[in-house]
Amino acid sequence: MGICNEIKKLMIDNDVTITQLARIIADVKNKHYTVQNLSQKLRNNTLNASEIDIILNALKYQIYFYPQKRG
């Protein structure tokens, strides 16, 4: 399952709309960002790392990276 599907679940769990997230991304990036653009990126799994970071911060989540165990 991709990160975009996980974000969609978090949006539902946190009662946050795609409109709200698009507005947050636009404010943080200080540039025009439409609901249609975000919707398409979520559908096509094409969010970039900065967009994912902004969304997760808005939803109060973090991603952690851990090294794989060897052996």
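A distance of 10.0 Å separates CZ of Arg43 from CG of Leu38, quoted to the nearest 0.5 Å. Atom CG in Asn45 sits 6.0 Å away from atom CG in Asn5 (nearest 0.5 Å). Here the straight-line distance linking atom CG of Leu10 with atom CG of Asp15 works out to 13.0 Å at 0.5 Å rounding. One finds the CG atom of Leu47 at 5.0 Å from the CD1 atom of Ile55 (value rounded to the nearest 0.5 Å). Lys9 contributes atom NZ, which lies 12.5 Å from atom CD1 of Ile7 (distance to the nearest 0.5 angstrom). Here Leu59 contributes atom CG and Asp13 contributes atom CG; the two are 9.5 Å apart, rounded to the nearest 0.5 Å.
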Notebook entry, point to check: What's the verdict on side-chain hydrogen bond (donor to acceptor under 3.5 Å, both in side chains) for Asn44 and Thr46, showing C-alpha distance, side-chain angles and the deciding distance?
Noted result: CA-CA 5 Å; Asn44 295 330; Thr46 56; 5.1 Å; no

Check: Would Arg23 and Tyr33 satisfy side chain to side chain contact (heavy atoms under 4.5 Å, CB included), going step by step from the backbone distance to the final call?
Finding: CA-CA 7 Å; Arg23 191 171 299 130; Tyr33 200 93; over 6 Å; no

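Scanning all heavy atoms of the two residues, the minimum distance from Lys41 to Cys4 falls at O-SG, 3.9 Å. Annotation for Ile24 and Ala58: closest pair CD1-CB, 3.8 Å, computed over non-hydrogen atoms.
Tracing side-chain contacts under 4.5 Å through hydrophobic residues (I, L, V, M, F, W, Y), one reaches Met11 starting from Ile63; they form part of the same cluster. A continuous path of ILVMFWY side-chain contacts below 4.5 Å connects Phe65 to Tyr61, so both sit in one hydrophobic cluster.
Side-chain atoms of Asp53 do not come within 3.5 Å of backbone N or O of Ala49 as any donor-acceptor pair. For the pair Gln20 (side chain) and Thr17 (backbone), a donor-acceptor distance under 3.5 Å is present.
Side chains of Gln62 and Leu56 form no contact here, defined as non-hydrogen atoms less than 4.5 Å apart.
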